[in-house]
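A quick write-up on the structure given underneath.
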Amino acid sequence: MIDVPGLVLDEHDARRIAHPLTGGVILFARNYQNRAQLGLLTHQIRALRPDILIAVDQEGGRVQRFKTDGFTPLPPMSRLGERWDEDVLGAIDDATSVGYLLGSELRASGIDLSFTPVLDLDYGVSKVIGTRAFHHDPRVVTLLSRALSHGLSLAGMANCAKHFPGHGFVEADTHLRAAIDDRPLAEIMEKDLRPYLWSGVALSAVMAAHVLYPQVDPSLPAGFSRIWLQRILRRELGFHGAIFSDDLSMEGARVAGDVVRGAQMALDAGCDMVLVCNSPERADQVLNNLHRGATRASMRRIKRLQARGKPVIWSKLLRQPEYLAAKAKVQKLMGVSESATSTPTSTPSGVTSPA
């Protein structure tokens, strides 16, 4: 999965997207000016590769790439956790509404998948996770993420849980430096892995963390580790969905060496698709030098992440009773009156790496 630098495709983007090893495109805030432009961009991408998976990090809170010109600003997941502490059933209903709203708006713009929900626990130490986590209790995280994923499914969208096996206990941001979690496996299994185990078949995909857990695998972060991806995730937890690497351009991935070696190691460890973002040169290196394509099993798992059914166009979406009801609930959750309109069109800024 690669990214593109601008608002429209150029000839270099088209060449990379047409490459047989490219299976997906991830979009960022820099790729968004307004809904019309976004629709043209996704149309351009699909004209080159009708079968390609188009994805985005659209979680809510500070990780929301599109939030103007009709896109509804979404709350951080911690707000749903706070809602749980006030009203359990109300929080589940709100989480479903957030998922449905998120999925239906992205689908109306030609996007297949959002890398959400975040299953990391809130230990109060990770700055990069912070309010992106639902709660500190794995039971609450499980039920709220399942409700959000149900909302996504109602909109015809799959889900991708992250960051396996858990990023909430470490302070370091793997975008910027290496991160080490020195807890024993038993403690991680008892806490951080519970949402993955309890979610079961509700999980469509998982993104692995660039965190090193030396008491489990002393040399490799989770996204490069057969112990984590094959033995624990596949066999012990019984996960059958797709596995993504996090961005191989991040500092936390440098333990693997150069990006081509990192891509090979991640695929050999069990990833079905690797991400190379924010560096067209690195993307070219991987596309031109990687000596293996996806297995048939990986291709089947990735194909199941394609959006289901025909998307509802924006003009019709805005008249749908279920959409309007979900939007009203989300705006109430955000403290916005039902009569309030979305913010004026602008080009939002944001982190330009997968979160």
Side-chain angles (χ1 to χ4, degrees), residues 1-58 63-71 102-103 105-115 156-158 160 205 207 242 244-250 259-260 263 272-290 293-294 299 302-303 305-307 310-314 345-355:
M1 180 173 281
I2 63 172
D3 62 350
V4 295
L7 299 174
V8 296
L9 302 183
D10 64 21
E11 60 182 297
H12 302 293
D13 300 323
R15 171 179 52 79
R16 293 184 189 99
I17 290 169
H19 195 286
L21 288 184
T22 298
V25 174
I26 181 171
L27 302 178
F28 293 101
R30 65 170 180 266
N31 303 122
Y32 182 72
Q33 185 176 60
N34 53 52
R35 287 189 291 111
Q37 168 272 321
L38 179 62
L40 288 173
L41 177 59
T42 56
H43 179 77
Q44 273 190 296
I45 294 169
R46 292 208 190 279
L48 291 167
R49 291 283 297 279
D51 60 336
I52 206 162
L53 186 72
I54 303 179
V56 67
D57 285 313
Q58 187 89 337
V63 181
Q64 183 175 352
R65 309 310 188 195
F66 319 136
K67 50 188 175 184
T68 60
D69 193 27
F71 277 98
L102 189 164
E105 289 181 351
L106 290 179
R107 291 217 54 209
S109 298
I111 294 171
D112 296 295
L113 178 71
S114 176
F115 287 116
M157 182 172 283
C160 180
M207 177 177 281
F244 290 88
S245 80
D246 210 335
D247 179 13
L248 297 180
S249 299
M250 291 163 56
V259 69
V260 177
D272 297 297
M273 180 173 277
V274 297
L275 278 71
V276 183
C277 307
N278 303 308
S279 177
E281 296 79 12
R282 288 195 180 113
D284 280 335
Q285 289 173 27
V286 173
L287 294 175
N288 295 332
N289 294 288
L290 192 64
M299 293 176 70
I302 295 295
K303 187 175 182 179
L305 301 179
Q306 293 281 356
K310 188 176 180 180
V312 179
I313 62 173
W314 273 97
T345 302
S346 64
T347 304
S349 61
V351 177
T352 55
S353 284

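The shown structure was predicted, so the numbers you read here are calculated from the model rather than taken from an experiment.
- For the atom pair CG of Asp69 and CG of Leu38, the computed distance is 10.0 Å after rounding to the nearest 0.5 Å.
- Contact detail for Leu7 and Gln37: the closest heavy-atom pair is O-NE2, 2.9 Å.
- Looking at Ile26, Asp13, Val25 one by one, the single match for side-chain contact (heavy atoms from CB on, under 4.5 Å) with Asp3 turns out to be Ile26.
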*Does the side-chain contact (heavy atoms from CB on, under 4.5 Å) test come out yes or no for Val4 and Phe28, once each step is laid out?*
CA-CA 9 Å; Val4 295; Phe28 293 101; over 6 Å; no
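- Summarising the geometry of Ala294 relative to Met299, their closest heavy-atom pair is CB-CG, 3.7 Å, with the distance given to 0.1 Å.
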Let me check something: any side-chain donor-acceptor pairs from residues 47-54 under 3.5 Å, sequence neighbours excluded? List them with distances.
{"residue": "Arg49", "atom": "NE", "partner": "Asp51", "partner atom": "OD1", "Å": "3.4"}
{"residue": "Arg49", "atom": "NH1", "partner": "Ile17", "partner atom": "O", "Å": "2.8"}
{"residue": "Arg49", "atom": "NH1", "partner": "His19", "partner atom": "O", "Å": "3.0"}
{"residue": "Arg49", "atom": "NH1", "partner": "Thr22", "partner atom": "O", "Å": "3.0"}
{"residue": "Arg49", "atom": "NH2", "partner": "Thr22", "partner atom": "O", "Å": "2.7"}

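- With values rounded to the nearest 0.5 angstrom, Leu41 atom CG is found 11.0 Å from Arg46 atom CZ.
- In this structure, CZ on Arg16 lies 6.5 Å from CD1 on Ile2, to the nearest 0.5 angstrom.
- Smallest separation of non-hydrogen atoms from Cys277 and Ser249: O-OG, 2.9 Å.
- How far CZ of Phe115 is from CZ of Phe244: 4.5 Å, rounded to the nearest 0.5 Å.
- Separation of atoms CG (Asp10) and CZ (Arg15) is listed at 9.0 Å; rounding is to 0.5 Å.
- Side-chain contact between Leu106 and Met157 is present, with heavy atoms from C-beta onward closer than 4.5 Å.
- Closest approach of Ala158 to Leu305, counting heavy atoms only: CB-CD2, 3.9 Å.
- Summarising the geometry, atom CG belonging to Leu275 is positioned 5.5 Å from atom CE belonging to Met1; distances are rounded to the nearest 0.5 Å.
- Relative orientation of the Tyr32 and Phe66 rings is tilted, given thresholds of 30° and 60° on the angle between their planes.
- When all heavy atoms of Arg35 and Gly70 are compared, the closest pair comes out as NE-CA, 4.0 Å.
- Here the closest non-hydrogen pair linking Arg65 and Val56 is CG-CG2, 3.5 Å.
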